[in-house]
Peer 1: 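One structure follows; several queries about it will come next.
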2 protein chains.
Amino acid sequence: MTAPNRKPDYETLLRQAGLRITRPRQVILQILTETDDHPDAAQIFQRAVKQDAQISLATVYRTMKALEENGAIQRHAFGDGPARFEHAGDAHHDHLIDVDTGDVIEFASDRIEALQDEIAERLGYEIVHHRLELYGRKKR
Amino acid sequence: MTAPNRKPDYETLLRQAGLRITRPRQVILQILTETDDHPDAAQIFQRAVKQDAQISLATVYRTMKALEENGAIQRHAFGDGPARFEHAGDAHHDHLIDVDTGDVIEFASDRIEALQDEIAERLGYEIVHHRLELYGRKKR
DNA sequence: GACCTTATTGCAAACGGTTTGCATTTGCAG
DNA sequence: CTGCAAATGCAAACCGTTTGCAATAAGGTC
């Protein structure tokens, strides 16, 4: 059950943050708006180059950083691979990564969240954030 | 509640795997045997150099790889930092990382494990492995 | 629309963690 | 003790990511 993703208006968001909407950014934002998966910087770059051949990978990284700082996207590091991005603002969820395909399935469980809090509590800690990733293989 | 760690006999283990016990390896294995925390390669290297000034970082990495391949240690990547190692063979557990100190506290919860299986099951997946990390701050 | 200031860009170089090629050394089976 | 394969140190390569810099362009102001 993938969480529904309302596509945020990245452009307005950046403008409100006082950032300029440049051509490269338009391209990148459009890609993010259209995408439903969890692409890494290289994938975003590849897609972007098709629209505008002289966009640089550095700009992709810088744009992702700007978006992240403004809470528009989230950065994940699954396994040991490159960072992958997804738009923030959806309800909290964790990830199940298909080890064969790299596909990411989102899921949420209040019970797991509650248990985590309980454990942290017992250890005398306050959870700042957490990471729960299930790596699995599709049953046939 | 840190899981009790029975120190494995790395040396015998490597010998059984047909690997040679060299001076650098002796030093590294001793360090691993003595350590209770989750050191990264650089830390192991630092400690090793004190015993034998000409051990190289490459050898640390190669030794850790050999140990990992033989199931003697586990490699973790907390946050975005360097890989950190711990001896395998202890009962399964997850980690709570103190965001202020980097300290790692181990914990286990059957209930969380069960919930994970349940979720994967529901999604039609079989869990190969998982990663659960709580990042927290000590309450005073 | 032209102008000006400042943010943003592309490029290439630097980065940090990790791996690798190679010539040399070493463990250890025979 | 010898010989050969395995392991070492070193430096260079690697990969994902960040950064310095000079050039370009966004977008507020007139």
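Naming: A, B, ... by sequence-line order, numbering from 1 per chain. Every value quoted in this text rests on a predicted model; they were computed, and no experiment measured them. Note that these values count all heavy atoms, side chains included, but never hydrogens, waters or copies made by symmetry.
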Peer 1: Mapping Y61(B) and T22(A) onto DNA chain C by nearest heavy atom, which one lands closer to the 5' end?
Peer 2: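 The residue mapped nearer the 5' terminus is T22(A).
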Peer 1: Got a second to check how far D40(A)'s CG is from R75(A)'s CZ, nearest 0.5 Å?
Peer 2: 11.0 Å
Peer 1: What about R20(A), does its side chain sit under 3.5 Å from the base of dT6(C) through a donor-acceptor pair?
Peer 2: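 Counting by modelled atom types and ignoring angles, a donor-acceptor contact under 3.5 Å is found here.
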Peer 1: To the nearest Å, how far apart are D40(A) CG and dT17(D) P?
Peer 2: 7 Å
Peer 1: Base, sugar-phosphate, or nothing for A42(A), non-hydrogen atoms under 4.0 angstrom?
Peer 2: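 Contact class for A42(A): none.
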Peer 1: Going by atom types alone, do E133(A) and H76(A) pair a side-chain donor with an acceptor below 3.5 Å?
Peer 2: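 No, no side-chain donor-acceptor pair sits under 3.5 Å.
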Peer 1: Using a strict cut-off of less than 4.0 Å between a Lys/Arg side-chain nitrogen and an Asp/Glu carboxylate oxygen, indicate whether R23(A) and D52(A) qualify as a salt bridge.
Peer 2: yes
Peer 1: Over 60° means perpendicular and under 30° means parallel, so classify the ring planes of H93(B) and H95(B), tilted if in between.
Peer 2: perpendicular
Peer 1: Give R84(A) one of three labels, base, sugar-phosphate or nothing, depending on what nucleic acid heavy atoms sit under 4.0 Å from its own.
Peer 2: nothing
Peer 1: Atom CG of L14(B) to atom P of dT26(C): distance rounded to whole Å?
Peer 2: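 About 20 Å, once rounded to whole Å.
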Peer 1: With nearest nucleotides of DNA chain C determined for Q54(B) and A83(B) from heavy-atom distances, which residue corresponds to the more 5′ nucleotide?
Peer 2: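 Closer to the 5' end of DNA chain C: A83(B).
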Peer 1: Let me know the distance between CZ of R15(B) and C1' of dT26(C), rounded to the nearest Å.
Peer 2: 14 Å
Peer 1: Reckon R25(A) touches a base, only the sugar-phosphate, or nothing at all at heavy-atom distances under 4.0 Å?
Peer 2: sugar-phosphate
Peer 1: Has R62(A) got a side-chain N or O lying under 4.0 Å from the OP1 or OP2 atom of dT17(D)?
Peer 2: no
Peer 1: Looking at dT8(D), I'd like to know if its phosphate oxygens (OP1 or OP2) sit under 4.0 Å from a side-chain N or O belonging to S56(B).
Peer 2: no
Peer 1: Counting the atoms with a prime plus P, OP1 and OP2 as sugar-phosphate, which does L57(B) contact under 4.0 Å by heavy atoms, base, sugar-phosphate, or nothing?
Peer 2: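 Base, at least one base heavy atom under 4.0 Å.
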